[in-house]
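So you know, we letter chains A, B, ... as the sequences are listed, proteins then strands, and number each from 1.
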There are 2 protein chains.
Amino acid sequence: MNPLHLSNQLCFPFYSISKEIIKRYQPYLAPLNLTYPQYLVMLVLWEADHVPLSKIGKRLQLDSGTLTPVVKKLIVNGYVEKSRNPDDERQLVIKLTERGQALQEEARDVPAKINDVLGLSAEEYVRYKEMLDDLSVKLGLAEEKETC
Amino acid sequence: MNPLHLSNQLCFPFYSISKEIIKRYQPYLAPLNLTYPQYLVMLVLWEADHVPLSKIGKRLQLDSGTLTPVVKKLIVNGYVEKSRNPDDERQLVIKLTERGQALQEEARDVPAKINDVLGLSAEEYVRYKEMLDDLSVKLGLAEEKETC
DNA sequence: TAAAATTAGATTGTGTACAATATAATTCTA
DNA sequence: TAGAATTATATTGTACACAATCTAATTTTA
C-alpha cells in the first residue's frame, strides 16, 4: 500500500465531493442570485437575524477576509444590510432586508431538490450525516451549544 | 425539522471538513513549497509520469482554468516541465523534473503525519474511507478503471 | 475531402479562501 | 487609570475554482 497514492488519501474525496455537491447547488441557487457561500450566510441569518459578523464567521468557519466580500455582495444584491452595534462599535451587525426575508420562501425547496439530485436514500442520508457530524466533532468543527 | 437549518445540510460538513483537513496539510506542505492542489498534481505524477494535462484534470476533477495556473507554479518552482505531444499538438504533456522526482522522498511522511493530526483510529479511517468511496461512486466521481 | 463538430488548453472575469497585516474599539491589568 | 493586551473587522496579496469564451489541432461526416 503506497500512502502517496491518490486513492489512499482521505482528504481528497472530501475535497472533490464537497466541490461536486456545491456544483449541483448552482442551478438552484443561481436563480436566487446566490453562490453557495452566500447561501450559507443566508441560512445562518434565516435561523437568527441581527447577528454580528463574528458569529456568522464562527458558525461557518470563515474569517473576515472571506466574509467581508461575501456580505458586501449580499448587501449589493439587497438581501442584507449592516450597521454597527452601539454597545460595541467594533461589531458589524448583519440584518436581513425584507427582500432577504422573502428569499427564504423562494429557497424553501432547495434542500429537497439537492437531495433528489444526490439520489441518496433516507438511510444513506442519515448514515452519512452521522459520520460527518462525528468527524466534525473530532476535528473541533462542531459548534459549542450556546444559549444565546 | 427545518430543511433550511444549517445543521440539516449534508453539504456543509463536507465543505468545512474539506477546508479543515487542507488547513492541516499546510504545515507539512509549506516546507515542500506546495499548496494542497499542487500536492495533488504531484501525487498524480508520482503515480505515473509524463501525463497529459487533460488526464490530470480528469483524475482530480479540475478544469484547465484551475490547472493551468497550478502547473505554471509547479514549473516556476522547478518540479515539472511541459512539452507538447508530437502526435497531438493540442496535448500538453507534464513531466517531473529530477527535483520533482526527488520531492517524492521528502513527501513520503506527509500522509502519516496527516493521519496523526486527524487522530483517527485505523477502524475509523477505514469506515470513513468506505463511506467516501461509496459516495464518490454515487456522484460519478470515481475513476473508470482504465488500462492505460 | 472540405466543412462541421469535437477536443485540448489558455484566457478572462467573478468569487471565494486564507495568511498576514492594519486599525480602531474595548477590556484588562499593573 | 494609562498603557498593554485583546477583539472585531477590513485590507492586501496569493492561490485556487469555475463558467464562459477563445484559439488551434484533430476527428467526424456529409
In dot-bracket form, 5' to 3', how is DNA chain C paired? Count Watson-Crick and G-U wobble pairs only if both distances fall under 3.5 Å, and write | where the partner sits on another strand. ||||||||||||||||||||||||||||||
Separation of atom CD1 in B/Ile75 from atom C1' in C/dG9, rounded to whole Å: 13 Å
Per-nucleotide protein contact string for nucleotides 15-25 of chain C, where B marks a base within reach and S marks sugar-phosphate only (heavy atoms under 4.0 Å, - for neither): SSBBB-----B
For D/dT9, does OP1 or OP2 lie under 4.0 Å from any side-chain N or O of A/Lys55? no
Run the side-chain contact (heavy atoms from CB on, under 4.5 Å) test against A/Val44 and tell me which residues pass, sequence neighbours left out. A/Ile56, A/Arg59, A/Leu60, B/Leu6
Partner set under side-chain contact (heavy atoms from CB on, under 4.5 Å) for B/Glu130, not counting sequence neighbours: B/Val126
Can you tell me the distance, in whole Å, between the CD1 atom of A/Ile94 and the C1' atom of D/dA10? 13 Å
Separation of atom CG in A/Leu60 from atom P in D/dT9, rounded to whole Å: 14 Å
Between C/dA10 atom C1' and B/Leu92 atom CG, what is the distance in whole Å? 10 Å
Return the set of residues passing salt bridge (charged side-chain N to carboxylate O under 4.0 Å, His left out) with A/Arg108 (not counting sequence neighbours), or none when no residue passes. A/Glu105
Please walk me through it: do A/Lys82 and A/Lys95 pass side chain to side chain contact (heavy atoms under 4.5 Å, CB included)? CA-CA 6 Å; A/Lys82 65 182 180 183; A/Lys95 208 174 63 142; over 6 Å; no
Measure the distance from CZ on B/Arg84 to P on D/dA24 and round it to the nearest whole Å. 12 Å
For a quick test of reading the model: is some side-chain N or O of B/Thr68 closer than 4.0 Å to OP1 or OP2 of C/dG9? no
Restricting to side-chain contact (heavy atoms from CB on, under 4.5 Å), what partner residues turn up for A/Asp134, sequence neighbours left out? A/Lys138, B/Arg127, B/Tyr128
Residue set satisfying salt bridge (charged side-chain N to carboxylate O under 4.0 Å, His left out) with A/Arg99, at least two apart, ordered chain then number -> A/Glu106
Quickly work out the A/Leu29 CG to D/dC18 P distance and round it to whole Å. 15 Å
By ring-ring contact (aromatic ring centres under 6.0 Å, His included) - contacts of A/Tyr28 (at least two apart): none
What is the distance, rounded to the nearest whole Å, between atom CD of B/Gln91 and atom P of C/dA10? 12 Å
Between C1' of D/dA25 and CG of B/Leu53, the distance in whole Å: 16 Å
Under the side-chain contact (heavy atoms from CB on, under 4.5 Å) test, residues paired with B/Asp116 that sit two or more places apart: none
Taking the inter-plane angle between the rings of A/Tyr36 and B/Tyr15 on a 0 to 90° scale, is it parallel (under 30°), tilted (30 to 60°) or perpendicular (over 60°)? perpendicular
